[in-house]
Every structure is written in structure tokens, then in C-alpha cells.
2 protein chains.
Amino acid sequence: MGASSRMTVATHTLTWMALVCPKRTDGIVTSDQIADSVNTNPVVIRRTLGSLRDAGLVESRRGQGAGWLLTRAPESITLRDVYLAVEHEPLLALHPATPNQKCPIGIGIPPVLREAYDRAEESMKRELAAVTIADVLRETVAP
Amino acid sequence: MGASSRMTVATHTLTWMALVCPKRTDGIVTSDQIADSVNTNPVVIRRTLGSLRDAGLVESRRGQGAGWLLTRAPESITLRDVYLAVEHEPLLALHPATPNQKCPIGIGIPPVLREAYDRAEESMKRELAAVTIADVLRETVAP
DNA sequence: ATTTGATGTAACAGAAATGGTTACGACAAT
DNA sequence: ATTGTCGTAACCATTTCTGTTACATCAAAT
């Protein structure tokens, strides 16, 4: 399968906020403004921001002058945090249908694969943990 | 996104072949027999075996007495080999639509993310490379 | 109190991916 | 010539993904 782009939209969103929020007196930006940079619909951004808020990475304000702000320093947000915020399914899926329970392979292989897959996924997350939003911002605006 | 199960079907297939092929005088098994263990349609298995053949992991015979056989020792086939055989898209996708080219983030972020994603994917593959089909078979049939 | 502008969320649509199924020609050993 | 399996196209139902419209909710500002 090709993978979803939620991770990319979320990281783009946080990186843009890291760049722009400090320039605002209140540190607040709107989903419309972010959507303009990502080139998508504001609702898509609000959905993403909802996940990021659930993970404690951003906060939302309502009413007049509403919008979003970062709750953490960009140096302290890793791509692993972002991944965990927006992806909840395991990277590699087991069988679509329960395999044949009369076959020793069918019986025994699911937990073995699950363990190997989990180790691989952890390894990927470890690598994502080495990169912060501040890193992404710096490299993105570098000349 | 939840991920595809091609990897699981392919690994199950190879593990089953590693168990059964040695018991046959000609070392040949059919897609029907494998499908019975995986609990799916033989065509699904033939499609998977096609990818595995393109990667050089199995061979097919046609005509009377046709079927499939392993071309490598199970000890020499890693889960990384299997992954490379059946998955061709990057693990993490970039933007669905080209981001705003008038925004410095929109312009600069794709290559930065691509590099971070590729590093993460390589790390995952490295972990998959540590497990062989022989390992999976052993652990699967262990008491 | 009213106005204002943004959030929060449901509902829906089109496109693509996925897994399964049927069908049938190609093939080579018997 | 028969046989059994591969190889592959075609199609289907289901799900996922991204985008979109619509609208109620909310709180600051006036």
C-alpha cells in the first residue's frame, strides 16, 4: 500500500506554526492560513490539528479571535510525537482473514509476525525521534 | 492508514513452502495448497508468488505437475527481502497536492521530509533484515 | 445584546486501493 | 489427446483517503 499523507500534513502544519506563531503577538494562527500553505481544505487541517491537540502538541481557542497555538517548543517536538499523534494502526498488517487453524503455520505464525513487525515499527519510530520540528524548520528555510 | 497485508501473505507463503517443499520429492507445491493454509483465494497467492518470483525468491513450473518451488535456502531469505519483493511505495507519503509554492515552508519542506522518511524506512528495513524465513518457521512451529 | 470570525463536526462525494472471485487461454508432462 | 496448474484479465464489494459543504457553537469585541 502507499501510505497516508496525514503525517506530512501534520508535520507541515507544526513547522509552519513554528515559523509563524512567534511573529504574532498572541501566537495564534487559523486553519485557513495553514490550509493556504499546505494547499488543502481548512477542514482537513482542523481534523489534523484535532489529532495534534489530543496528543497535547497544540491548543485551540474559540470565539472571536480564535485559532491555534503551539503548546511546546519546536525543539521538543519530534517526528515520532507527530507520528504517534496521527497514526494509530500498526505499520504492517496481519492476515485479512484468520488463517487455517488446522495448519501449524496458520496457527503459529500470527504472533511471530506481530512481534517482528512491532520491532521493525519501533525501529522506524526511533529514527523519527531523532528529528524535531525545529530541525525540519531550520533545514526547510536553509539557503 | 492501516497497511496492506501483502507482506503477511508473502511471508506466510514462504514459511509454508519452507516447511512443506522439503517433504515433496520434487519440492513443488501449488497455489491451491498454499491458499488453503493462508485462507484466501489461489489467485491472490499466485499474484503474491509472482512478485516473489520477480524478486528471485521462488520459481514456477508450468504444464502437467506444475507448481512452485523455493530458489533459496530459508536461512538466506530475510523479511527485508520479502518486503522489497511485495512493497514498492515509500512507507510515508508526501503531500497529496503540491504545497503552496509562494510559501517558504511549502517550497522547502518536501525534500526535508523525504529524507527523514527515507531514513526511518531504512531503519525499519534493517530490523526486518535481522529475521529470516527459517527463523519464522522455527518460532512458528515451536512448542 | 449583537456582531463577528473561527472552531468543531457531521455528512457526503469521488477516487484509489484492497482483497476476493470468475473465467479462460497457455503450457508441458503424461 | 488429456490433464492439472500457471498466468492474467476482468470485475465486484468494501474500505480508506482526501476534499467539500453546511451549520451549530463559542467567546471576544463592539
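Note: hydrogens, waters and symmetry copies are ignored here, and every other heavy atom, side chains too, is used. Letters A, B, ... mirror the listed sequences (proteins, then strands); counts begin at 1.
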Output the single nucleotide from [options] whose closest atom is nearest the side chain of [X].
X: B:W68; options: D:dG19, D:dG7, D:dA10; result: D:dG7
X: A:A97; options: C:dG20, D:dC17, D:dT20; result: C:dG20
X: A:N41; options: D:dT3, C:dT18, D:dT20; result: D:dT20
X: A:Q64; options: D:dG19, C:dG5, C:dG8; result: C:dG5
X: A:P96; options: D:dT18, D:dT20, C:dG19; result: C:dG19

Do A:W16 and A:V38 have side chains that approach each other closer than 4.5 Å (heavy atoms only, starting at C-beta)?
no
So do B:I105 and A:L137 actually touch side chain to side chain, heavy atoms under 4.5 Å?
yes
[X] [atom1] to [N] [atom2], straight-line distance once rounded to whole Å:
X: B:L49; N: D:dT8; atom1: CG; atom2: C1'; result: 14 Å
X: A:R47; N: C:dA11; atom1: CZ; atom2: P; result: 13 Å
X: B:L92; N: D:dC17; atom1: CG; atom2: P; result: 13 Å
X: B:R6; N: C:dG19; atom1: CZ; atom2: C1'; result: 10 Å
X: B:E59; N: D:dT5; atom1: CD; atom2: C1'; result: 16 Å
X: B:I45; N: D:dT8; atom1: CD1; atom2: P; result: 16 Å
X: A:E89; N: D:dT15; atom1: CD; atom2: C1'; result: 12 Å

Please round to the nearest 0.5 Å and tell me the distance separating atom CD1 of A:I133 and atom CG of A:L19.
12.5 Å
To the nearest 0.5 Å, tell me how far B:E59 CD sits from B:W68 CH2.
10.5 Å
Verify the distance criterion only: is there a donor paired with an acceptor across the side chains of B:D135 and B:T132 at less than 3.5 Å?
yes
For a quick check of understanding: with a heavy-atom distance under 4.0 Å over all strands, which category does A:R61 fall into, base, sugar-phosphate or nothing?
sugar-phosphate
Residues A:S123, A:R126; criterion side chain to side chain contact (heavy atoms under 4.5 Å, CB included); working and verdict:
CA-CA 5 Å; A:S123 178; A:R126 240 189 322 275; 3.7 Å; yes
[N], OP1 or OP2 - any side-chain N/O from [X] closer than 4.0 Å?
X: A:R53; N: C:dG8; result: yes
X: B:S60; N: D:dT5; result: no
X: B:R46; N: D:dG7; result: no

Between A:V44, A:I45, A:T48, which is the residue that forms a side-chain contact (heavy atoms from CB on, under 4.5 Å) with A:S31?
A:I45
DNA chain D nearest-nucleotide lookup for A:G63 and A:T40: closer to the 5′ end is A:T40
Salt bridge between A:D26 and A:R61, side-chain N to carboxylate O under 4.0 Å?
no
Does B:R62 make a side-chain donor-acceptor contact with the base of C:dA26, cut-off 3.5 Å?
yes
Positions of residues 24-36 of chain A (non-hydrogen atom under 4.0 Å from DNA chain D), listed by number
none
